[in-house]
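First the structure, in the form of structure tokens, and then the observations on it.
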Amino acid sequence: NTSSTPTPPPIPTPTTEPISDNTIPGKIEAEDYTAMYGIDTEGCSEGTLNVGWTNAGDWMDYNVNVQSAGQYTVEFRVAAQDPTGTLELRKGGTVLGSVIPPNTGGWQAWTTVSTTVNLSQGQQTLRVYLTGGNVNINWINFTTSSSTPTPTSTPAPTGWTLVWSDEFDGTSLDTGK
């Protein structure tokens, strides 16, 4: 009777490439960052978690997959007490857009602020950078912006007068003139 020792399953090799499940357009929970500096998370009154304990120079990176290039409205769900500075959305060293978080009067008193940015298509890393502090962030939502121009009327040329004169005698049109 021969006994054999079962072979353990292979241990998966961790990937060094971050996996992006953040699709734009779409909503990204602030705590779903792939890298960060200086922040922490806490329970959120709106569910899940929020990013908090923010100071100037703190940041969060998000790996995203932008479905199509174009203009997007970016909404930040924020709560703040005596906030300082701005929230900037960056790609590399370029600031794509920024918002000024208002004083909402409490760490869980939420409001939404927005800006418009242009994004290129494909996988990329976007950074939320804080130039100041005292702001909690719950989520970031990206929606496509309408790029349909608003029609405007063309003004009539100045100095022109349109005069209409028909040759109607009350019973028929005088075509002889």
Side-chain angles (χ1 to χ4, degrees), residues 13-152:
T13 306
T15 178
T16 56
E17 289 296 313
I19 298 171
S20 173
D21 61 356
N22 295 316
T23 301
I24 294 176
K27 184 183 285 186
I28 301 171
E29 290 291 327
E31 68 273 12
D32 289 344
Y33 49 80
T34 52
M36 64 84 177
Y37 173 79
I39 58 94
D40 205 345
T41 60
E42 66 180 344
C44 179
S45 64
E46 295 186 323
T48 66
L49 299 173
N50 65 258
V51 166
W53 289 277
T54 58
N55 294 295
D58 291 354
W59 53 263
M60 294 84 61
D61 282 349
Y62 300 90
N63 290 327
V64 300
N65 184 7
V66 179
Q67 296 300 299
S68 60
Q71 191 174 70
Y72 290 84
T73 299
V74 185
E75 298 173 305
F76 295 87
R77 189 72 169 159
V78 298
Q81 285 189 314
D82 300 318
T84 60
T86 61
L87 296 178
E88 295 177 345
L89 185 67
R90 295 181 175 188
K91 181 179 177 184
T94 303
V95 176
L96 303 175
S98 65
V99 295
I100 299 172
N103 185 353
T104 64
W107 297 115
Q108 297 295 313
W110 299 98
T111 192
T112 304
V113 291
S114 64
T115 188
T116 303
V117 300
N118 288 306
L119 297 176
S120 57
Q121 182 178 4
Q123 293 285 134
Q124 53 200 283
T125 300
L126 297 178
R127 173 171 286 184
V128 174
Y129 181 84
L130 292 100
T131 66
N134 301 332
V135 179
N136 285 355
I137 308 168
N138 187 7
W139 46 256
I140 308 147
N141 190 41
F142 294 81
T143 55
T144 55
S145 296
S146 172
S147 59
T148 306
T150 304
T152 57

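Because the structure is a prediction, the values reported are computed rather than measured. Quick note: residue numbers are just sequence positions, from 1.
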When the side chains of residues 37-44 are checked against the rest of the protein, which donor-acceptor pairs come out under 3.5 Å, sequence neighbours left out?
residue: Glu42; atom: OE2; partner: Asn50; partner atom: ND2; Å: 3.2
residue: Glu42; atom: OE2; partner: Gln108; partner atom: NE2; Å: 3.3
residue: Glu42; atom: OE2; partner: Asn136; partner atom: ND2; Å: 2.9

Can you find a heavy atom in the side chain of Trp110 that is under 4.5 Å from one in the side chain of Ser45? yes
When rounded to the nearest 0.5 angstrom, what is the spacing between CG in Leu130 and OG1 in Thr54? 5.0 Å
Under the side chain to side chain contact (heavy atoms under 4.5 Å, CB included) test, residues paired with Asn103 that sit two or more places apart: Asp82, Pro83
Can you tell me how far apart CD (Gln81) and CG (Asn134) are? Round to the nearest 0.5 Å. 8.0 Å
Using the test side chain to side chain contact (heavy atoms under 4.5 Å, CB included), find all partners of Lys27 that sit at least two apart in sequence or belong to another chain. Glu29, Trp139, Asn141
Under the rule for salt bridge (Lys or Arg N to Asp or Glu O under 4.0 Å), what residues qualify as partners of Asp58, not counting sequence neighbours? none
CG on Asn118 to CD on Gln71, rounded to 0.5 Å: 5.5 Å
Applying salt bridge (charged side-chain N to carboxylate O under 4.0 Å, His left out), which residue pairs with at least one partner in residues 95-120 are found, sequence neighbours left out? none
Is the shortest heavy-atom distance from the side chain of Met60 to the side chain of Ile137 under 4.5 Å? yes
Where do Gly85 and Pro101 come nearest, in terms of heavy atoms and distance? O-CD, 3.6 Å
CD1 of Ile140 to CG of Asn22, rounded to nearest 0.5 Å, is 9.0 Å
With sequence neighbours left out, write down each residue that passes side-chain hydrogen bond (donor to acceptor under 3.5 Å, both in side chains) with Arg90, or none if nothing qualifies. Glu88
Inter- and intrachain pairs under salt bridge (charged side-chain N to carboxylate O under 4.0 Å, His left out), touching residues 100-127, at least two apart: Asp61-Arg127
With a 4.5 Å heavy-atom cut-off, do Tyr72 and Thr144 have their side chains touching? yes
Search all heavy atoms of Ala109 against all heavy atoms of Ala79 and return the closest pair with its distance. O-CB, 3.4 Å
Is Phe142 close to Val66 at the side-chain level, that is, under 4.5 Å between some pair of heavy atoms? no
List the residues meeting side-chain hydrogen bond (donor to acceptor under 3.5 Å, both in side chains) with Thr94, not counting sequence neighbours, and say none if there are none. none
Excluding sequence neighbours, so at least two apart, what forms side chain to side chain contact (heavy atoms under 4.5 Å, CB included) with Thr73? Glu75, Ser114, Thr116, Thr143, Ser145
Hey, is the main chain of Gly133 close enough, under 3.5 Å, to the side chain of Thr84 for a donor-acceptor pair? yes
Output all residues satisfying side chain to side chain contact (heavy atoms under 4.5 Å, CB included) with Pro102, sequence neighbours left out; order by chain, then residue number. Val78, Thr104, Thr111, Val113
Gln67 meets the side-chain hydrogen bond (donor to acceptor under 3.5 Å, both in side chains) criterion, sequence neighbours left out, with none
At what distance, to the nearest 0.5 angstrom, does OG1 of Thr86 lie from OH of Tyr129? 9.0 Å
By side-chain hydrogen bond (donor to acceptor under 3.5 Å, both in side chains), which residues pair with Thr115, not counting sequence neighbours? none
Indicate yes or no: at least one non-hydrogen side-chain atom of Leu126 is less than 4.5 angstrom from one of Leu119. yes
How many angstroms lie between atom OH of Tyr62 and atom CD1 of Ile24, to the nearest 0.5 angstrom? 11.5 Å
